[in-house]
There are 2 protein chains.
Amino acid sequence: MSNSRTDLIVFAIGGNALVRSGEKGTFEEQYHNVQVAVRQIVDFMKSDNNKNRIVLTHGNGPQVGATLVRHRLAEEYYPALPLYVCTAETQGFIGYLIEQALQDELDRSKMNKHVTTLLTRVIVDSNDDAFQNPTKPIGETFDNEMTEVLLRNEMVQLRKSRVGSDRTKYKLLVPSPKPIKIINYEAIRSLVDAGFIVVACGGGGIPVMKQNWKTLGVDAVIDKDLASERLATSIGASKLVLLTNVDGIYRNYGKKNQEFIHTVNIDMNFEQKLGLRDLESGSIGPKVQAAISFIRNGGKEAIVCSLQHLSDALAGFSGTHFFR
Amino acid sequence: MSNSRTDLIVFAIGGNALVRSGEKGTFEEQYHNVQVAVRQIVDFMKSDNNKNRIVLTHGNGPQVGATLVRHRLAEEYYPALPLYVCTAETQGFIGYLIEQALQDELDRSKMNKHVTTLLTRVIVDSNDDAFQNPTKPIGETFDNEMTEVLLRNEMVQLRKSRVGSDRTKYKLLVPSPKPIKIINYEAIRSLVDAGFIVVACGGGGIPVMKQNWKTLGVDAVIDKDLASERLATSIGASKLVLLTNVDGIYRNYGKKNQEFIHTVNIDMNFEQKLGLRDLESGSIGPKVQAAISFIRNGGKEAIVCSLQHLSDALAGFSGTHFFR
């Protein structure tokens, strides 16, 4: 920890942390949830004597679903904009919430730090298998009527998927291609080095592809943990902290023989030893993949932990820690 | 011009430049219009041998109206978010369009510059007279039914105003308080000094007010020219260029005796000499006010000109120029 003054930490917050189960997603609810979340970040900064450089990323699953619905329902008056523009809009909306709540909490704590938010575009591969197989759910569950509205004109490559055995509930799946490159990582790095706390890479970034000098938006939603790994690696972060609503990673999660994994040493055959191959396909999968990639790409430590135990996890007392 | 290497120029682009009269506002239309606009900026940069540091700001009049309608029409499914969140969303949407179109044009021209976009919050005064007197039109004209939908619940302080003598067309007016301070001007300045072209202050900024350490969003839309002046002054820009669809400022515009104003020297009694008091209340008013304030606050030159004649105007051959 001798080098801690210059530690650069990327924190990834889930879009679901902002719209809790059972909530309608009013402005007040989402803002309250953001305030709770940023308080944990500021508590860590205090415990750390404000020594670190910090970047925050966030998801947009519930919000981009709502945005898409709004565009579709107003089509009679205004043309619906593409899904990737919906993600750009959520970067504006959620970025605003986080920037304002975090800056206020820093001001209240008399910590001399400024927060700023950057739009982020992320390059994906047009040949990514994800385009043949949409897997990422966006929004809440929808009834059949709304699902048909959302599917009309096939403007977005959506797939309808029944929720359990209930014939009245559907979720919508969109392609989730792998992030390849964070376009504006140099601007993010520049601001962090100048002392700013940066909010970036919202909703996993606005997915785009390159055709010579032309850039085209892509109707997809990138996983925010995988995008956060790309960002953390690009800017040379030493730590990547993937925040969730569970303590960390369990083997056989939810079963009688569930077992908490405290540390993962990324060595030759760690995958067999730990059964991580199974984990990678579960809901915690992208976090495991992001953590492993980060370490393989030269990161010092990746942590999967709950927002509630953030300070403990960074002190090593909680969460699942990935090292080389 | 000996100091031109370090000239810092703020360009303000109108939201109406992106949705032209008679257009529906599809993604393709708006993106095409942005491409045309940024080509003018890049042409200037080429003529200038890429020596200057550049910030772009933009309006959001048509887009924030569309966003507000989308929120209102989807209320049955998702709570409508406040007007200032709608502006945050348009910063994401329009910022994405400008960043991508401009970066592509720079890449095509083999100019080694990177564009990045920052969300911008702007402080306004809760006692601003504008809250008693909404004057800024947002969106297009609406029929009576839509106007009633938008006015319901009085979620936003809107005022309905008949368009001419037509009883079926209304426009919506929102408060437009004066911008006092650009919250993140230091981050913008930091990026510009590091060599980035920065897109910021979209839609005049997200209006907020301070209550001790708390910050609250405000339902209003700030004039983007006035906000651009605040930004240009804060970051110590030498030039402020206010782009519009006319050549510059005319005395008695549209009348037989109209007269083009080439230069305005901001001295003791320039207002009487030029009849600027009348101009300040017209549609060109905020541009005149912004230009005058910029010079009074220490700026070197403010220019009001058309996007089409940008390079000529910056070379002094076109547009209305404000000096001390």
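Atom set for the values below is all heavy atoms of this structure, side chains included, hydrogens, waters and symmetry mates excluded. By convention in this document, chain letters (A, B, ...) are assigned in the order of the sequence lines, proteins followed by strands, and residues within each chain are numbered from 1. Keep in mind the model is a prediction, meaning the values are calculated, not measured.
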Is the ring centre of A/F27 less than 6.0 Å from the ring centre of A/F93?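 No, the ring centres sit 6.0 Å or more apart.
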May I ask you to decide if the ring planes of A/F142 and B/Y78 are parallel, tilted or perpendicular, using 30° and 60° as cut-offs?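 Geometry flag for B/Y78 against A/F142: perpendicular rings.
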Out of the candidates A/K46, A/R39, A/K113, only one should pair with A/E105 under the salt bridge (charged side-chain N to carboxylate O under 4.0 Å, His left out) rule; please name it.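 Of the listed residues A/K46, A/R39, A/K113, the salt bridge (charged side-chain N to carboxylate O under 4.0 Å, His left out) partner of A/E105 is A/R39.
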Please report the shortest heavy-atom distance between B/V199 and B/G95, naming the atom on each side.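 It is CG1-CA, 4.4 Å.
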B/L118 portion near chain A, given a 4.5 angstrom heavy-atom threshold: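 Contact with chain A involves both backbone and side-chain atoms of B/L118.
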Which answer fits B/Y77, side chain, backbone, both or neither, if we ask what part of it has an atom under 4.5 Å from a heavy atom of chain A?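 The side chain, not the backbone.
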Would you call A/V174 and A/L83 a side-chain contact if the rule is heavy atoms closer than 4.5 Å?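 Counting from C-beta outward, A/V174 and A/L83 do come under 4.5 Å.
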Beyond-backbone contact of B/I206 with B/V122, side-chain heavy atoms, under 4.5 angstrom: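 Sidechains of B/V122 and B/I206: no contact.
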Does a donor on one side chain sit under 3.5 Å from an acceptor on the other, for A/Y31 and A/Q35?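 No - no donor-acceptor pair under 3.5 Å links their side chains.
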Heavy-atom pairs under 4.5 Å with chain B - which of [options] has more of them than the others?
options                       : answer
A/H71, A/K214, A/K24, A/Q30   : A/H71
A/G202, A/G139, A/A194, A/A88 : A/A88
A/D107, A/V85, A/N184         : A/V85

When only pairs under 4.5 Å are counted, which of [options] shares the most heavy-atom pairs with chain A?
options                     : answer
B/V198, B/L73, B/T67        : B/L73
B/L106, B/T116, B/L97       : B/T116
B/E28, B/E99, B/E29, B/K210 : B/E99

If I measure from the heavy atoms of chain B, does [X] come under 4.5 Å with its side chain, its backbone, both, or neither?
X      : value
A/V208 : side chain
A/F196 : side chain
A/T215 : both
A/Q103 : side chain
A/Q91  : backbone

Please lay out, stage by stage, how A/E23 and A/N33 fare under the test side chain to side chain donor-acceptor pair (under 3.5 Å). CA-CA 11 Å; A/E23 290 182 349; A/N33 294 336; 2.9 Å; yes
Go through it in stages, so that I can follow the logic: the residues are A/R53 and A/D193, the test is salt bridge (Lys or Arg N to Asp or Glu O under 4.0 Å), and I'd like the CA-CA distance, side-chain angles, deciding distance and then a yes or no. CA-CA 8 Å; A/R53 292 170 296 156; A/D193 286 348; 2.7 Å; yes
